[in-house]
Amino acid sequence: LVAAHRRYVDAGVDVVITSSYQASEEGLVAAGVRADVARTALASTTSLAREAGAPIVAASVGPYGAVLADGSEYRGSYEASWAEVRSFHRRRLEVLVDSGPDAFAVETMPTEAEAEIVVDELRRLTTAPAWVAFCCRDGEYTFGGDRFADAAAVVASAVDAVGVNCTSPTFVHDLLRRGPLGTPLVVYPNHGGTWDGAHHCWTFPGGASSVGEWLSGFVPLWQDDGARLIGGCCGVGSEAIRSLASARGS
């Protein structure tokens, strides 16, 4: 994990997000780990990112569905009640807050309701900087079916930035234009490529030869839209991040 984080540090990132997205005491215990060891492992995600030399460490706070590992984070509907979801987030946040990250990345939120729960519980524990990023199915709606504009507005006053992640880059411009006025925006999409089965490779629109070339072309547009934090999610590796960092500085 430290070596993986360091590749992104070497690529020029300002913020490293911890590996706590899918980690939880409940999940690790179910895998046979003792509860105390599970909590220690979850807390260690912050120190591991620091060990890699990260300028800023943001603790990843993923949705309840990420821990279930059944794809439900992309639906936002759970068999658990919202009270159970709240209790889950409270227990995990207590560990992460005590680990002392510089900021919190409340990310891949599929619904307004879950984002509001996480932010409420986070703010009961800390005033540290935080952002909320929703995952969206198109240029208007989250995966859970909420309007991004409405969901972002609900949490904007309690955090330092709002935006999207784990979303196709082709939807980002329309989504950011719907962001709350005056609120800094954050965006770190998926790579957005198409798998070419005949040639066993990913292809990208416009003839781009790599993820980095494809995504970096969006940077000026997203900055004009108000994005102040720009990065990558699934399929965006360290070399693509290097390209994004270069585009930001040009």
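Computed from a prediction, not measured in an experiment: that's the story for all the values here.
Using a distance-only test at 3.5 Å, with no hydrogens or angles considered, no donor-acceptor pair links the side chain of S99 to the main chain of V97. Distance alone, capped at 3.5 Å, places no donor-acceptor pair between the T45 side chain and the T18 backbone. When atom types are taken as modelled, the side chain of S60 and the backbone of S19 share no donor-acceptor pair closer than 3.5 angstrom. In this structure, the side chain of N190 does not engage the main chain of S168 through any donor-acceptor pair within 3.5 Å. Side chain of S246 to backbone of S243: no donor-acceptor contact under 3.5 angstrom is found. Side-chain atoms of D160 come within 3.5 Å of backbone N or O of A130 as a donor-acceptor pair. In terms of modelled atom types and a separation under 3.5 Å, the side chain of R92 and the main chain of L42 share no donor-acceptor contact.
Grouping the Ile, Leu, Val, Met, Phe, Trp and Tyr side chains by contacts below 4.5 angstrom, directly or via other members, places L122 with V132. Under the 4.5 Å side-chain heavy-atom criterion for ILVMFWY residues, a single connected hydrophobic cluster contains both L93 and V95. Under the 4.5 Å side-chain heavy-atom criterion for grouping Ile, Leu, Val, Met, Phe, Trp and Tyr, L176 is connected to V219 within one hydrophobic cluster. At a threshold of 4.5 Å between side-chain heavy atoms, the hydrophobic network of Ile, Leu, Val, Met, Phe, Trp and Tyr places F171 and W214 in one connected group. Follow the hydrophobic side-chain contacts under 4.5 Å out from V15 and you reach V186 in the same cluster.
The neighbour count for R123 CZ, taken as heavy atoms of other residues, nucleotides or ligands under 6.0 Å away, is above 12. Shown here is F143, whose CZ atom has more than 12 heavy atoms of other residues, nucleotides or ligands within 6.0 Å.
Side-chain polar atoms of E51 and H5 form no donor-acceptor pair below 3.5 angstrom. Looking only at atom types and distance, the side chain of Y78 has no donor-acceptor partner in the side chain of E84 under 3.5 Å away. Using modelled atom types, one finds no donor on one side chain facing an acceptor on the other under 3.5 Å when comparing T142 with E112.
Contact check on E94 versus R91 returns no salt bridge, with no Lys/Arg side-chain nitrogen under 4.0 Å from an Asp/Glu carboxylate oxygen. Residues D10 and R7 are not paired through a salt bridge, judged by the lack of any N-O separation under 4.0 Å between the basic side chain and the carboxylate. Here R90 does not pair with D120 in a salt bridge; the nearest charged N to carboxylate O distance is not below 4.0 Å. Under the 4.0 Å criterion applied to side-chain N and carboxylate O atoms, D14 and R248 are assigned as salt-bridge partners.
When every heavy atom of S20 is checked against every heavy atom of A59, the shortest pair comes out as OG-C, 4.2 Å. When all heavy atoms of C234 and C166 are compared, the closest pair comes out as SG-SG, 3.8 Å. Residues A38 and V29 approach most closely at CB-CG2, 4.4 Å, considering heavy atoms. The nearest pair of heavy atoms linking S24 to F88 is CB-CE1, 3.7 Å. Listed here is the closest heavy atom pair of A105 and Y188: CB-OH, 4.2 Å. Across G76 and P110, no two heavy atoms sit closer than the pair CA-CG, 3.5 Å.
How far CD of Q22 is from CG of L68: 9.5 Å, rounded to the nearest 0.5 Å. Rounding to the nearest 0.5 Å gives a distance of 6.0 Å between OH of Y74 and OG1 of T108. Taken from CG in D146 to CD in E114, the straight-line distance is 11.0 Å, to the nearest 0.5 Å. Once rounded to the nearest 0.5 Å, the distance linking SG of C136 with CG of D174 reads 11.0 Å. The structure places CH2 of W131 at 4.5 Å from CD1 of I17, a figure rounded to the nearest 0.5 Å. Taking CD of E25 as the reference point, atom OG1 of T40 lies at 10.0 Å (rounded to 0.5 Å).
The side-chain heavy atoms of W82 and I117, taken from C-beta on, include a pair separated by under 4.5 Å. Side-chain contact check for P63 versus Y21: some heavy-atom pair is nearer than 4.5 Å. Between R75 and D70 there is a side-chain heavy-atom pair separated by less than 4.5 Å. Between V236 and L215, the closest side-chain pair of non-hydrogen atoms falls below 4.5 Å.
When each of H173, R178, R177 is tested with D225 by the rule side-chain hydrogen bond (donor to acceptor under 3.5 Å, both in side chains), just one qualifies, namely H173. Looking at L229, L175, I230 one by one, the single match for side chain to side chain contact (heavy atoms under 4.5 Å, CB included) with V187 turns out to be I230.
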*Mind running side-chain contact (heavy atoms from CB on, under 4.5 Å) on L96 and V61 for me, showing each step along the way?*
CA-CA 9 Å; L96 291 174; V61 184; 4.1 Å; yes
*asked:* Run the side-chain contact (heavy atoms from CB on, under 4.5 Å) test on D102 and R50 for me, step by step, so that the C-alpha distance in whole Å, both residues' side-chain angles and the decisive distance to 0.1 Å come before the verdict.
replied: CA-CA 10 Å; D102 302 305; R50 279 231 165 79; 2.9 Å; yes
*Does the side-chain contact (heavy atoms from CB on, under 4.5 Å) test come out yes or no for L185 and V162, once each step is laid out?*
CA-CA 5 Å; L185 300 177; V162 295; 3.9 Å; yes
